[in-house]
Structure formats: C-alpha cells, structure tokens
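Worksheet: the structure to be examined is printed underneath.
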Amino acid sequence: MPLEDRPETHRIADEGAGGSTVPDSPDALEKALLDLIAQSRGQAAEDPFRNPVLAVTLAITRRLDRGEIGEEDLDALFVSLRRHALTERAARLRGYVGLDGDTAETIADLAERLVAAIPKRSGDFETFRDLVGRTAFAVVFTAHPTFGMPKAVAELIAAAASERDEAARVPLIEKAAQRSTRPDARISLDDEFAQACLAANNGRLALDAFNGALIDAAQRRWPDRWTELVPRPFAIASWVGCDTDGRTDIGWWDTLRYRLISKRMQLERLQRDLPDVPATRVVRELAAGALAAVNRQLAGAPLLGTKPSLENVHRFALALIIERERAQLDAGPILAGLAAALGAAETDADRRAIAVLRSGVAAHGLSNALPHFRLNASQIHNAVRRVIDLEGEPTDAAQRRTHLSAIHTLLNDVKPVAVDFGALAAERASAARLMMTIAQILKHVDGSHPVRFLIAETETGYTLLAALWLARHYGIADKLEITPLFETASALEQGIRVLDDALRNPHWRTHLKRLGRLSVQFGYSDSGRYVGQLAATFWIERLRLRITEMMAQNDLKDVELVIFDTHGESIGRGAHPTSLRDRLAYLAPEDARRRNRAAGLRTRLESSFQGSDGYLMFGTPALAAASVSRIAEHVFADDLREDDAFSDYVLTEAGTKAGSDEDPIYAEPDFAAEFFRSARQDMEALVEDPGYAALLGTFGPSLIDRTGSRPVARQSDSGGPAMITHPRQMRAIPNNAILQQLGFLANSLHGMGRAAHRAPETFRHMREESVRFSRAFRLVQHAASVGDLDVLRAYIDTLDPAVWLERARRTQREGRREELLTVAGALDRLNLAPDLRRLFGRLTRDWLYLQAAAPDLATMSPRLTLLHAIRLALIHRIWFLAVHIPSFRPQAGITREMLLERFLRLDIDGCLQLLGEIYPITPDPTLGLNFGEPPGPRDVGTYEAEHATLFQPIRGMFERVRELSGIIQHEVGAFG
C-alpha cells in the first residue's frame, strides 16, 4: 500500500533526482525517472505490500509540488518520450512488413519462381494463366474509430520506416516527435475516406508492380503468348463510406459520392498511365469522356454532413442519369479497348504498360477499390418485417422453423420492383435503403463486379434468406454477395447451423451456384473481448473447418469459398503482432488450407487493414510493395513449396513441409478443446464481473480521444458520460484501447493461466513443437510485454478511498490532508473499491498460473511504466485542484459533489464547460443597457482568479494526460 511519507519513499525521490537538484535537460530528467522506476521495482521485490508504480507516482507528485518539475520540463520530457516511442514504432513497422530486403527484387524473384514452378509440358501456359488469373487475396481497407494518431504523424512514421538509411530516419522522427501524438481534433468520414484512398493508391501501385513482374516472367517463358495473360491474383477493396452498421450519419448520397470518387480515380489512372501512342487513341478518348462525365456528376453531389433538399436530390439524380452512358456503366468497353490497343501497339514497352492497366481494370472494374457494404442483421429483419406477418424474433430458437418457412414462401413469389432516386429518398428502412443504394450504384456507377454485402451479428439462416429476398425484390440478387459475419460467441458456435439452414433452402443454393461463390466473414472484435483473443481464434478455426466439411458434403466444389477476416491491427482485435508473415499464417492456418485443397475447394482470402495503424502498411509505395510481397509469399506458398530457396519461408509460414507430420496441436484435439474452452469460460466470467465494468468505465473512456467519425457514446441524465455497468455498453475498440491504457490486456491474457495449469506438460510441449500453437501464443507474449499488474494495481488503488485516507494519515504537506480527505469521500460515494479489489484478485490468480507455466514471459518496459506513473501523477493533481472549486448553487440539477465525482471520472471537458457557465470570465453583457425599468439584481462579478488558478491548470494537465495516452498507444503498437 502506498504511504505518503514513508521513509524509503522519500529516499527514492531524493536519490532518483540527485537530492533536490533539478535535472538540467529532458534526457537527464528521463534518466532520473527511469532510475526511479528501477529502484522502486527493486525495493518492491523485498516489500510485497508496496506498489512500485504508485510509489514513483508519489515521488513525481512531490517533485511537482516542490517546483522541481514544471510545465516546460514536462513538455520537453514528452518530446523525448515521443521520440523513443516513434523511433521504435517505425523500426517495428519496417520489420513487420519485411522491408529490410529489396522489395522490387523480391517481387520480380517471386514472379520468376512462380513461372519456373509450372512444369514444361502441354498446357503449361494455360496452367499459369489460370493460377494468376483468379483473385486469391484481397486487401480490404476498413475504418471504425481507429484513427488514433494524427495523419501528419502517420505519414512521418511511414516515411521513416521506408528509409533504408537509419540516419535518414532521424529527421523524420524528430519532426514527428515535435508534434502531438493525439488524433486530429476533428475526424470526418471524408478524412477517413481520403486516408483509405491514399493507402489504396499505394496498394494499387504495388499490385501493378507485381502484375508487371508476372507479365515480364511470362514473356520470357512464353514470348508468343504473354499478351494473353491477364494476371489479377490480388485486389484492393474498402468499406469506408459504405459501412452503415451501428451508424445513421452516412447518407445514401454520401455513399454514391464516394463511389463516384473511386471511379474517378480509376479513370485518372487510365489517363495517366496509358501510353500516348496511336494504338491507345480510342481507349484514351473513351476514358477522357468518362472522366469528364463523372466530374459533372460529382459537381451535383451533396457534400458530407448536409441533408440535401428534394431539389438537390433531383438535380443529383438527373446528373447521374443523363451522364450515365458517357460515364460508362461497367468496365466492358474499356477492357475491350485495352485488348484492341494491346494488339495494335508496336513496342513491348507499350504492350506491357497496356497489359498492366488491363489487369488492374479486370480486377477492380471502374473502381479504385472494390466496395464492401455492411449493416446489422436486425436492420435486415426490420426491413422484411413489413411484408412477413410473424410474431417473435428470428433469433428465438422456438421461432426458427416458422421464420424459415415464411421466408421460403416469400422467396417463391418475389418479383423485382423498379428503383429510382425518388423512392430511395423516401425510404426509411435502413436495409431497404442500402439495397436501393447498391441497385443505383450498379445501374449508374459501376456494374462490373458483384458487390459484397456484409451482415453483422448473423445468428440465424433466416437473416441470409431475408437478405436474399430483399436483393431479389430490388433486382440485384445476381450482383450481390450476401456475407454473414460470425463474430459473437453465439455466432461462432451456431455459424454452421446458420449456413446449413440457408443451404437447405433451394433458393439459397441456386443463388450460390449462380454467383459461384460463398463468402463468410470472421470478426475478432466482439469475439475477442467476450471469449478472449486466443479462444476466439480457436472457435473461428473450428468453424472454418466445419464450413469446409459442409461444402464438401453439399457438393459445392464449384463454389469458391471466400474467407474475410476483419481483425483490427492490435492483438486486442486479432492481428498478429510479430510480422505480416505470422499474421497471414495465423489467420489462414496451414491445416485449414490443406483441408480445403483435399476437398478440392477453391478459396479466396481477404484481410482487413484498419484505420491509421493498418494503413501504415500501405503508407508509402515501398511499404505497400513489401506488404504485397509478403501476401504473395503466403498465397503462393503451396506453388513454391518445392523451391529449395523458398523452403525456409515455407517451414516458418506453414509450419510443415509437404509430406511431413501434421502439427501436433491437431493430434491432441482434447488438449486444444479443453485449453480454449477453459480460457473462454474464464473470460466470459470476467466480462460478467462488476469490477471489470468498473475498471473499463470509470475513467477509462476519458483517457482516450475520439478516434473516428462514428458518433460518440451516449450521455447520462446528469450531463456527464453514462456510467458503464457492463462491457456490452461500449464498443469493442474503446474496450480494447482502455485495457491498453490501463496497462493490462485482459482480453488477450486472462484465462490463459488456468488453461495452461490444467495440463502444464502438454502446454509446454505445444509451445515447443506446435507451430500453430506457438504462433498463437506469441499474442500472449506480446500482451504480457506491454502489461503489468503493478500498473493496473496503481490505477485500481487510485480509485480506492482507503489508499487516499492512508495518504491523508501520513502526509506532512500543508493543506494536502484536506485535499486527500475530500477525494477519499468522493471515491467512497462512487463505491468502486470492493468490486475492483475482487477483480484484481481474479486477474492476479490467473496471471500467477500463467507465470508458472510460461516463466519466460516478458514484462513491461521501464519507459512504458514511466508513462503510466507520470499520467497517474497528473490525474492526482487534477483531483487536488478540483477539490478547491468553490461551492455553488445547484446548476441544472448538478451539485458540487456530483461535479467532483465527474472530475474523478475525468469528464474534464464537460466539467470545465459547466464551470465556465457558473463562473464566467466575461462581465454580464446586460450591464449598462436600459430595459425601460429599474434594474434588477445582477451577479456582476467575474472569476479570472478561478480560471487562472484552477480551471486553466486543470485543462493543461488533462491535455498532458491525453498526450501520454497517445505515446502509450505507440509503445503498445496499435489503438484498440
């Protein structure tokens, strides 16, 4: 327990700073504080009742009290801490995508190896053409509120990571270190779309380079036939601007505008990259005319954030309709023009350029990135409810057969209806409106490819059949890939029944065979936070294998299986932290791919790259090229397996060579099932623990800035943020981000200890011998390296009134006792401590089991520990100042005591706004005005002193609290 005036605590403070001497530079101050961390940890090893992090927090508090550390010292120290964090972030990014080699040579080498792997026999060209002519992987740029760093800082990190010369990285990192790491103050959907487009453009450049390398290698092998080749093994997609799950602020006109911008980018690429030779004249004129028409359509598009009038909608609709033919409705005419130009071109260089462009258009149609639309299953149900007369919910097991029978009857008689912009403007049901939006995009913007339609929280086959009815109703079923998202614990368990119920319906089977594709989406966000990240990956892999079995049993070998993993970038949402190679192998394990091959199923993999963190991997052309190289290695690993030069990679990535024994984790199915079931049970119990909600919801949400365009959480009746009583009341991304900010990643760690303790010898054997298990466990290792129970305990102790009373009992600083007693009283009213103490005991017991099973786990670095200690000291100082706010009459039902409780929850912006109204700094504007009657009483005073001594310092300290959260984010490696 921390003690305010404990002798050894004083000694640490004095010795760490060299007595009362103030360090004369940020580096010296940083070193002194890091030494303080080391000393405190060493003393805690001898004193089990001591919290080393809170002891350092108290030592920093005393230095702030004595004026040994001032605001300028903190700001200079923050620059140094940012410099370290950003330097390591850029280095990790460079290593993550494998940018240490020559990426261009790697791409060319991969293409040569692929060609060389094709046996020299009759039909060898056709074999290669089929191999690279089918899209086998898609990079999907998603958004969500994960733009946790400023755009300018992200650009500097990407630029630094792209530099070969370490010396060249220094000025870029230095420039970034001088900036705040907090996200941009206002992040609109336009901002997110612009950043996604930048990443997509770099991705398209990398795909062009790889396609060009394939064409070059084919030309050397088949000099008479290479122009027939249309390689498109990879594609770029995005759901930014098309994802309406959980939000109502994206208008259909916004989505149409974004699709037009994407189309414009594709046409601009054609104009820019087509050789200016006679052979390309026709297609250049076609592209130029289309581009001009698209620009005229965009001129009438409503802007983001506006609610267009009916006149605006009418004008926009007419522009789309009038210009639709000139703007081109699909890629067919342009592809035909490129084929003709390829045949007429006179030089190999011109032919190569045309062939590369043709590949890009063949894969993406008239879009810079293929669109993914998304909404929630409940929105589908609501849209169909008006034509289906049933009681109860489709997810109710007792209503299952009734709903399936009713939707089958509807599908028997569905007739398509006409869709126009007037009907779209009048439609109120979200799902119907989105279907109509897609219909208009296919009709007026780009109908080259089927559109992906993702449905979140799919837990019944009825949802898929209802979506099919809507698609047929609006005449787009043949162009719509209806894709269930299996993410919740229930969906992961019931996913196979969902698909089986749909497959039993002849309408769904006909739909799949007509499209030639079954698409499924796996989510790692809700599954990860509710059942634990490692347990989630087990259930996802199990469901994936069962889907393979189901497709084989239902004779769907002619139907391609598309698996889209929508993880985020951090381990809190499913991305593997060590390398892109590990990430790809982790998401698509070798055993699952082997079973697909054995069943004769064609598969297409898709992976999410999300927000600032994900876009970094495509932040420059060099990073994008390296990322595409890693993807190519993964996708074509089986084709390159016999290449001796490639065997080391295959062994690392796939875990087994051809003909070798299978991974031992699959030979011990009982261990795997029990291990992950145990982890899941513990995580589910943790989620229901009231202390867990208190940990996440007390001041956790206030530690992080708003990081995206999605609307923020609701408010409470008293004006402050609503008290979180269960994790389901917040979204997955802030849930995970808060755990990172509180110094213990429970969603990746908890439950692992008890699971390992059940069979410690088998656990150790799997870590040593199983590539699949050891790769998965590296997520736990990374989570442990950025977590520390001492840090978490420091935050929990901060919310314990007993700790503040103990400090009050021992303090000798004048006036401090009254401050401490007031804080203790406010914390006592919140009554969080009992639940938090029990929670800490739960987490500690499991962690001790994990330490015993895996004693090699890394611990939090001293620098990251220091960031937490400094932030705690600033939070304490905010509270000390808050207790000096003068008494006031209740304002809008809020008393001083209620306001102080909001300060304890760090609702600083809301509190200061209210205090600015209670204690104005400007005089009453009615003074001196004659209102025709004798003047009544007025409060004519102003409160400059309160603003100068309380409110402004509180705001400044809170700005630094949030700044430290930004630096912690970079130390951890991702947001949320």
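Side-chain atoms of N736 come within 3.5 Å of backbone N or O of G976 as a donor-acceptor pair. Although no hydrogens or angles enter the test, the distance criterion places no donor-acceptor pair under 3.5 Å between the side chain of D835 and the main chain of P690. Remark: side-chain polar atoms of R706 are paired, donor with acceptor, to backbone N or O of G708 under 3.5 angstrom. A distance-only check finds no donor-acceptor pair linking the side chain of S608 to the backbone of T566 [under 3.5 Å]. Between the side chain of Q521 and the backbone N or O of D565, no donor-acceptor pair lies under 3.5 Å. In this structure, the side chain of S774 engages the main chain of V771 through a donor-acceptor pair within 3.5 Å. Under the 3.5 Å distance criterion, the side-chain polar atoms of W879 are matched with a main-chain donor or acceptor of F903. Without hydrogens or angle criteria, W804 side chain to L821 main chain gives no donor-acceptor distance under 3.5 Å.
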ask   = Could you go step by step and tell me if D591 and R772 meet the salt bridge (Lys or Arg N to Asp or Glu O under 4.0 Å) rule?
value = CA-CA 9 Å; D591 185 70; R772 172 62 174 151; over 6 Å; no
ask   = Where do R962 and D705 land on the salt bridge (Lys or Arg N to Asp or Glu O under 4.0 Å) test, with the steps shown first?
value = CA-CA 7 Å; R962 287 274 182 87; D705 285 288; 2.7 Å; yes
request  = Take E457 and L485 through the side chain to side chain contact (heavy atoms under 4.5 Å, CB included) test and state the conclusion after the steps.
outcome  = CA-CA 6 Å; E457 298 186 15; L485 166 58; over 6 Å; no
task = Show your reasoning for whether side-chain hydrogen bond (donor to acceptor under 3.5 Å, both in side chains) applies to S770 and D663.
result = CA-CA 6 Å; S770 167; D663 192 306; 2.5 Å; yes
request  = Determine, stepwise, if the pair L742 / F699 fulfils side chain to side chain contact (heavy atoms under 4.5 Å, CB included).
outcome  = CA-CA 10 Å; L742 294 177; F699 58 51; 4.0 Å; yes
task = Could you go through the side chain to side chain contact (heavy atoms under 4.5 Å, CB included) check for V972 and S570 one step at a time?
result = CA-CA 9 Å; V972 171; S570 73; 5.9 Å; no
task = Might you work through the side-chain hydrogen bond (donor to acceptor under 3.5 Å, both in side chains) test for E668 and T762, ending with a clear yes or no?
result = CA-CA 9 Å; E668 295 280 354; T762 308; over 6 Å; no
task = Could you go through the side chain to side chain contact (heavy atoms under 4.5 Å, CB included) check for F840 and R793 one step at a time?
result = CA-CA 7 Å; F840 188 75; R793 182 183 160 203; 3.6 Å; yes
inquiry  = Show, in sequence, the C-alpha distance, side-chain angles and deciding distance for T460 and T395, and conclude whether the side-chain hydrogen bond (donor to acceptor under 3.5 Å, both in side chains) test is met.
reply    = CA-CA 6 Å; T460 168; T395 51; over 6 Å; no
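Residues satisfying the ring-ring contact (aromatic ring centres under 6.0 Å, His included) criterion with Y96, sequence neighbours excluded, are absent altogether. By the side-chain hydrogen bond (donor to acceptor under 3.5 Å, both in side chains) test, E88 pairs with no residue at all, sequence neighbours left out. By the side-chain hydrogen bond (donor to acceptor under 3.5 Å, both in side chains) test, E959 is found to be paired with R182, residues two or more places apart in sequence or in another chain being considered. Partners of R544 under the side-chain hydrogen bond (donor to acceptor under 3.5 Å, both in side chains) rule, at least two apart in sequence or in another chain, do not exist in this structure. In terms of the ring-ring contact (aromatic ring centres under 6.0 Å, His included) criterion, residue partners of H757 (sequence neighbours excluded) are, by chain and number, Y849.
Between the side chains of Q533 and R573, no donor-acceptor pair of N or O atoms lies under 3.5 Å. Under 3.5 Å, the side chains of Q729 and T725 contain a donor-acceptor pair of N or O atoms. With 3.5 Å as the limit, one finds no donor-acceptor pair spanning the side chains of H144 and T146. For the residue pair T142/Q610, the side-chain donor-acceptor check at 3.5 Å is satisfied.
We find that R829 and E901 are joined by a salt bridge, their nearest charged nitrogen and carboxylate oxygen being less than 4.0 Å apart. Using a 4.0 Å cut-off between a side-chain N of Lys or Arg and a carboxylate O of Asp or Glu, D582 and R778 qualify as a salt bridge. Using a 4.0 Å cut-off between a side-chain N of Lys or Arg and a carboxylate O of Asp or Glu, D800 and R837 qualify as a salt bridge. D682 has no carboxylate O lying under 4.0 Å from a charged side-chain N of R677, or vice versa, which leaves the two without a salt bridge. Between E569 and R583 a salt bridge is recorded (basic side-chain N to carboxylate O distance below 4.0 Å).
Screening T707, D613, T181 for a side-chain contact (heavy atoms from CB on, under 4.5 Å) involving M149 leaves a single residue, D613.
A heavy-atom distance below 4.5 Å is found between the side chains of M752 and F675. With contacts defined as side-chain heavy-atom distances shorter than 4.5 Å, the pair I875/L703 qualifies. The shortest side-chain heavy-atom distance between V791 and M860 falls under the 4.5 Å cut-off. Contact of the L543 side chain with the F522 side chain is registered, since non-hydrogen atoms from C-beta on lie closer than 4.5 Å. A 4.5 Å side-chain heavy-atom check between L779 and S748 finds every atom pair outside the cut-off. Using a 4.5 Å heavy-atom cutoff, the side chains of L54 and H876 are in contact. Proximity of L799 to L830: side-chain heavy atoms (C-beta onward) are nowhere separated by under 4.5 Å. When side chains are defined from C-beta on, R767 counts as touching Q781, because their heavy atoms get closer than 4.5 Å.
Between F763 and F777, the distance separating the two ring centers is shorter than 6.0 angstrom.
Between R758 and S678, the shortest heavy-atom contact is CD-OG, 3.6 Å. Closest approach of I967 and L81 over heavy atoms only: CG2-O, 4.0 Å. What you find for I733 and P145 is that their closest heavy atoms are CG2-O, 3.4 Å. In plain terms, the two heavy atoms of E971 and V786 that are nearest each other are O-CG1, 4.2 Å.
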Please output the side-chain donor-acceptor pairs of residues 863-873 that fall under 3.5 Å, not counting sequence neighbours, one pair per line with the distance.
from : atom 1 : to   : atom 2 : distance (Å)
R863 : NE     : E30  : OE2    : 3.0
R863 : NH2    : E30  : OE2    : 3.4
T865 : OG1    : R41  : NH2    : 2.6
T865 : OG1    : S861 : O      : 2.8
H868 : ND1    : Q741 : O      : 3.4
H868 : ND1    : Y795 : OH     : 2.7
R871 : NE     : Y795 : OH     : 3.3
R871 : NH1    : Q741 : OE1    : 2.6
R871 : NH1    : S965 : OG     : 2.6
R871 : NH2    : Q741 : O      : 2.5
R871 : NH2    : Y795 : OH     : 2.7

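Within a 6.0 Å radius of CZ in R764, more than 12 heavy atoms belonging to other residues, nucleotides or ligands are found. The environment of CD in E688 is crowded: more than 12 heavy-atom neighbours from other residues, nucleotides or ligands sit within 6.0 Å.
Using bins of under 30°, 30° to 60° and over 60° for the plane-to-plane angle, the ring pair H567/Y524 lands in the perpendicular bin.
Both cation-pi conditions hold for R816 and F880: the charged atom is under 6.0 angstrom from the six-membered ring centre and inside a 45 degree cone around its axis.
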